[in-house]
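The first residue in the sequence is number 1, and the count goes up from there.
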Amino acid sequence: MFVVVASVLLAGCTQPFLPAGSSVPGGIPPWGAAGLGTMALPHPASIQPQPAFMPLESGPGSAGQTPAAREISQTGNPWKPNEEERDWKWIVVHHTATDRGSVESIHETHLKRRDGNGNPWLGIGYHFVIGNGQGMEDGDIEPTFRWRQQMHGAHAGRAAENQQGIGIVLVGNFENKPPSPAQLTAVKRLVFTLKQEYGIDSDNVIGHYDIKTTACPGKHFPIAEIGFSEQPWTFSWRDPDESKSDLFSLEGN
């Protein structure tokens with residue numbers, strides 16, 4: 001058991017939820033706290049493209065098909081949520097410490113875990129996932145239900161950064177090798193956009209290892225380059241797959 005726990009701390013990014021009854025800032029109940037009740041997420045709606053966006057394909061695919069990719073220009077925020085936005089102060093970057101992964105696989109894995117009081121986790125703890133071509137398209141950025149609903153995260157392992165820190169995870173193990181060029185382009189653009197939108201200082205773009213004793217997001221991840229990058233970037237993103245609308249239901253948790 002000691003070996004397993006140690007390996008997770010050094011290489012992975014999984015964080016336990018706060019125990020039931022814990023006090024956290026912002027009035028949001030901790031993971032597994034009583035009173036959450038039934039939380040059924042709304043049907044995921046495609047993010048409305050801004051005039052600056054240029055579709056790479058002619059409209060979304062039919063049900064069951066992968067949604068069409070879109071190209072993002074150097075301006076605009078394609079991830080602006082419909083909900084009232086939180087007072088974000090940090091951007092916390094992680095890696096999955098796995099060779100492959102997706103929003104779906106991370107979500108399903110986290111749903112199977114329980115906190116110290118035996119309460120089930122609500123699901124994926126990050127706000128954004130960036131693919132590496134193994135489980136998601138290389139460089140694709142997908143917001144999770146936490147971002148769409150402007151919910152607190154469960155990624156930092158500390159209350160302040162969970163409440164006001166935007167959690168971004170890139171698929172891959174960057175202790176072994178760097179992110180792909182497409183992932184670097186995507187994370188630079190995402191971080192740049194979030195910094196501009198929420199007035200987040202470059203010094204507050206941090207790696208998970210700046211909060212906890214962990215190697216995450218890995219020795220090959222250029223956190224300073226990402227945090228201080230001011231150059232606009234162009235990349236592709238993908239609308240949520242409408243056929244997977246039930247994936248993020250929190251009913252029963």
- Message: How close do Gly131 and Val171 get, counting heavy atoms only, and between which atoms?
- Response: CA-CG2, 4.2 Å
- How long is the span from the CE atom in Met136 to the CD1 atom in Ile106, to the nearest 0.5 Å? 8.0 Å
- Sequence-distant partners of Ser180, side-chain hydrogen bond (donor to acceptor under 3.5 Å, both in side chains), two or more places apart: Asp138
- Just wondering, do Pro78 and Ile141 contact through their side chains at under 4.5 Å, heavy atoms? no
- Item | Non-hydrogen atoms of Gln134 and Asp99 that approach each other most closely | CB-O, 3.7 Å
- Task: Just jot down the side chain to side chain contact (heavy atoms under 4.5 Å, CB included) partners of Ser105, sequence neighbours excluded, or say none.
- Result: Ser102
- Task: Return each pair, listed once, that meets salt bridge (Lys or Arg N to Asp or Glu O under 4.0 Å) where at least one residue sits in residues 213-229; pairs must be two or more places apart or across chains.
- Result: Lys188-Glu225
- Do Arg86 side-chain atoms and Gln163 backbone N/O form a donor-acceptor pair below 3.5 Å? yes
- When you look at Asn173 and His95, which way does the side chain to side chain contact (heavy atoms under 4.5 Å, CB included) test go after all the steps? CA-CA 6 Å; Asn173 189 336; His95 69 170; 3.5 Å; yes
- Task: For Glu197, check side chain to side chain contact (heavy atoms under 4.5 Å, CB included) against everything at least two apart and list the hits.
- Result: Asn77, Lys80, Glu85
- Query: In a check of side-chain contact (heavy atoms from CB on, under 4.5 Å) between Val191 and each of Ile168, Ile200, Ile166, which one passes?
  - Reply: Ile168
- Item | Test item: Val92 and Ile211 side chains (from C-beta on) under 4.5 Å apart, heavy atoms | yes
- Task: Starting at CZ of Phe221, measure out to OH of Tyr209 and round the result to the nearest 0.5 Å.
- Result: 7.5 Å
- Query: Between the side chain of Lys212 and the main-chain N/O of Arg158, is any donor-acceptor distance below 3.5 Å?
  - Reply: no
- Query: Who pairs with Gln183 by side-chain hydrogen bond (donor to acceptor under 3.5 Å, both in side chains), at least two apart in sequence or on another chain?
  - Reply: none
- Would His127 and Trp88 count as a ring-ring contact (aromatic ring centres under 6.0 Å, His included) if you check the C-alpha gap in whole Å, the side-chain angles of each, and the deciding distance to 0.1 Å? CA-CA 12 Å; His127 294 96; Trp88 300 112; 5.1 Å; yes
- Do side-chain atoms of Asp210 reach the backbone of Gly207 as a donor and acceptor pair under 3.5 angstrom? yes
- Item | With Trp147 via side-chain hydrogen bond (donor to acceptor under 3.5 Å, both in side chains) - residues at least two apart | none
- Would you give the length of the straight line joining atom CG of Leu194 to atom CH2 of Trp90, rounded to the nearest 0.5 angstrom? 15.5 Å
- Query: Looking only at heavy atoms, which two atoms of His94 and Pro217 are closest? And how far apart?
  - Reply: C-CB, 3.7 Å
- Polar side-chain atom of His152 near backbone of Ala160 as donor-acceptor pair, under 3.5 Å: no
- Shortest non-hydrogen contact from Gly227 toward Ser202: O-OG, 3.1 Å
- Query: Considering residues at least two apart in sequence or located in another chain, which fulfil the salt bridge (Lys or Arg N to Asp or Glu O under 4.0 Å) criterion with Asp203?
  - Reply: none
- Item | Whether Thr96 side chain and Gly172 backbone form a donor-acceptor pair below 3.5 Å | yes
- Thr144 (side chain) donor-acceptor with Tyr126 (main chain) under 3.5 angstrom: yes
- Message: Check for me, please, whether Ile91 and Leu170 land in the same ILVMFWY cluster - side-chain distances under 4.5 Å, paths through other members count.
- Response: yes
- Applying side-chain hydrogen bond (donor to acceptor under 3.5 Å, both in side chains), name anything that partners Thr109, two or more places apart in sequence or on another chain. none
- Task: Only pairs at least two apart or in different chains count here, so list each salt bridge (Lys or Arg N to Asp or Glu O under 4.0 Å) that has a residue in residues 119-131.
- Result: none
- Say you draw a straight line from NE2 of His208 to NE2 of His155; how long is it, rounded to the nearest 0.5 Å? 8.5 Å
- Verify side chain to side chain contact (heavy atoms under 4.5 Å, CB included) between Leu190 and Phe128, making sure each step is shown before the conclusion. CA-CA 9 Å; Leu190 177 58; Phe128 293 93; 3.9 Å; yes
- Task: Indicate the atoms forming the closest heavy-atom contact of Ile124 with His107, along with that distance.
- Result: N-ND1, 3.3 Å
- Measuring from Glu137:CD to Ile130:CD1, what's the distance to the nearest 0.5 Å? 14.5 Å
- With side chains defined as the heavy atoms from C-beta onward, is the minimum distance between Phe174 and Pro179 less than 4.5 Å? yes
- Item | Sub-4.5 Å side-chain heavy-atom contact between Asn82 and Arg148 | no
- Locate the shortest heavy-atom distance separating Tyr198 from Pro81; write the atom from each residue and the value. OH-CD, 3.7 Å
